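What you see is a predicted model, and the numbers here were worked out from it, not measured in a lab.
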Amino acid sequence: IFIESLIKQAKEEKNEFIFFQSQRPKTGALRLGVLNPLAIEWLSKWLEQSPISERLFRFTTKEGVNKMIQRLAREAHITTTGRIHTHLIRKWVMSGLSRAGFNEFQIKYLVGKSIPLSDMTYLQTLQQEIETRYPKAFEDCLNLKPRIQERLIKDLTKRTGEEMDDMKAKIAGLEDELVIFKQMLPYLRQLTPEDLKT
């Protein structure tokens, strides 16, 4: 199937992101599909245990996806104020792209909202701009599993450095006290038990 061949090619070429053009069935709008590292990881797992078919999620209906999202929200103990629906995913993606500084045309192209032909004619570098900016936008605003390891390592390194500085200061203080004690030792040895009573 199409997605499987894209993933295979990306793995061979060691690409973290896959960009591909498609057409949104509902509206016919041209869109730029993106598979990020998280999607590639989990789609690969899905493909390994799913029978090969022309359609990636052939047993999944729109109603089934909505029910699955509602169930996942319940299991994650997410407090909701309204109805959970698949269009909220598009809303979340659009908000994330906007926070990442994408312009209206870039956002519309990524989520499959139609761009008037009169505007599309002038947007010759639209896909190239998106492909350049998307990896950072994904990491900063869209990643459900952020790379916290890097942040943790930085924090741990900083804390370890601070703790090492504290320990060095304490050791220096103890060394000073040891020098004083060594200087006093000959006098202390001359003291008798009677001297210590006074």
*Asks:* Which side-chain hydrogen bond (donor to acceptor under 3.5 Å, both in side chains) pairs, counting each pair once, include a residue from residues 24-34, with sequence neighbours left out?
*Replies:*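 For residues 24-34, and leaving out neighbouring residues, the side-chain hydrogen bond (donor to acceptor under 3.5 Å, both in side chains) pairs sorted by first residue read S22-R31.
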*Asks:* Just verifying a value: how many Å separate N143 CG and F138 CZ, rounded to the nearest 0.5 Å?
*Replies:*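 Reported value, rounded in 0.5 Å steps: 3.5 Å.
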*Asks:* List in chain and number order the residues that pass salt bridge (charged side-chain N to carboxylate O under 4.0 Å, His left out) with E75, two or more places apart in sequence or in another chain; answer none if no residue qualifies.
*Replies:*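 Salt bridge (charged side-chain N to carboxylate O under 4.0 Å, His left out) check on E75 returns R71.
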*Asks:* Side chains of I3 and L35, heavy atoms from C-beta outward: is any pair under 4.5 Å?
*Replies:* yes
*Asks:* Would you compute the distance between atom CH2 of W92 and atom CG of L142 and round it to the nearest 0.5 angstrom?
*Replies:*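 Rounded to the nearest 0.5 Å, the CH2-CG separation comes out at 5.0 Å.
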*Asks:* Is Q23 reaching over with its side chain to a backbone N or O of L30, donor-acceptor style, under 3.5 angstrom?
*Replies:*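 Judged by distance alone, no pair lies under 3.5 Å.
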*Asks:* What pairs of donor and acceptor atoms, side-chain ones from residues 174-183 against any protein atom, are under 3.5 angstrom apart with sequence neighbours left out?
*Replies:*
none

*Asks:* In Å and rounded to the nearest 0.5 Å, what is the CH2 to CG distance from W42 to L144?
*Replies:*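 One finds 12.0 Å between CH2 of W42 and CG of L144.
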*Asks:* So do E12 and K8 actually touch side chain to side chain, heavy atoms under 4.5 Å?
*Replies:* yes
*Asks:* Is the closest side-chain heavy-atom distance between L6 and F20 below 4.5 Å?
*Replies:* yes
*Asks:* Who pairs with D119 by salt bridge (charged side-chain N to carboxylate O under 4.0 Å, His left out), at least two apart in sequence or on another chain?
*Replies:*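 Expected list: none.
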*Asks:* Apply ring pair (Phe, Tyr, Trp, His ring centres under 6.0 Å) to H87 and list each qualifying residue two or more places apart in sequence or on a separate chain.
*Replies:* H85
*Asks:* With sequence neighbours left out, write down each residue that passes side chain to side chain contact (heavy atoms under 4.5 Å, CB included) with T80, or none if nothing qualifies.
*Replies:* I78, I84
*Asks:* When rounded to the nearest 0.5 angstrom, what distance separates CG in L38 from CD1 in I40?
*Replies:*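 Reported value, rounded in 0.5 Å steps: 10.0 Å.
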*Asks:* Is the shortest side-chain N to carboxylate O distance from E41 to K45 below 4.0 Å?
*Replies:* yes
*Asks:* Any side-chain heavy atom of F102 sitting closer than 4.5 Å to one from L110?
*Replies:* yes
*Asks:* Can you pull out every salt bridge (Lys or Arg N to Asp or Glu O under 4.0 Å) where at least one residue sits in residues 81-92? Sequence neighbours excluded, please.
*Replies:* none
*Asks:* K136: what forms a salt bridge (charged side-chain N to carboxylate O under 4.0 Å, His left out) with it, not counting sequence neighbours?
*Replies:* D140
*Asks:* Of all heavy-atom pairs between A100 and A137, which one has the smallest distance, and what is that distance?
*Replies:* CB-CB, 3.5 Å
*Asks:* With sequence neighbours left out, write down each residue that passes salt bridge (charged side-chain N to carboxylate O under 4.0 Å, His left out) with K168, or none if nothing qualifies.
*Replies:* none
*Asks:* Does anything in residues 94-108 pair up under side-chain hydrogen bond (donor to acceptor under 3.5 Å, both in side chains), and if so which pairs, sequence neighbours excluded?
*Replies:*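 For residues 94-108: E104-K108, Q106-E129, Q106-R133.
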*Asks:* Hey, could you give me the CD1/CG distance between I130 and L126, rounded to the nearest 0.5 Å?
*Replies:* 4.5 Å
*Asks:* Do the side chains of Y109 and L123 get nearer than 4.5 Å, heavy atoms only?
*Replies:* no
*Asks:* My understanding is that only residues two or more places apart in sequence, or in another chain, count here; which of them pass side-chain hydrogen bond (donor to acceptor under 3.5 Å, both in side chains) with K11?
*Replies:*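 side-chain hydrogen bond (donor to acceptor under 3.5 Å, both in side chains) list for K11, sorted by chain: S44.
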*Asks:* Tell me every residue that passes side-chain hydrogen bond (donor to acceptor under 3.5 Å, both in side chains) with E131, counting only those two or more places apart in sequence or in another chain.
*Replies:*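 Here the qualifying residues are Q127.
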*Asks:* Measure the spacing between NZ of K67 and CD of E63 and express it to the nearest 0.5 Å.
*Replies:*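 It comes to 8.0 Å.
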*Asks:* Is it the case that the side chains of E139 and Y134 hold a donor-acceptor pair, with the cut-off being a distance below 3.5 Å and no angle test?
*Replies:*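 E139 and Y134 do not have a side-chain donor-acceptor pair below 3.5 Å.
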*Asks:* Treat each ILVMFWY residue as a node, draw an edge where side-chain heavy atoms are under 4.5 Å apart, and state whether L88 and M94 are in one component.
*Replies:*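 Each belongs to a different hydrophobic cluster.
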*Asks:* Got a donor-acceptor contact below 3.5 angstrom from the N15 side chain to the I18 backbone?
*Replies:*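 Looks like no, no N/O pair under 3.5 Å.
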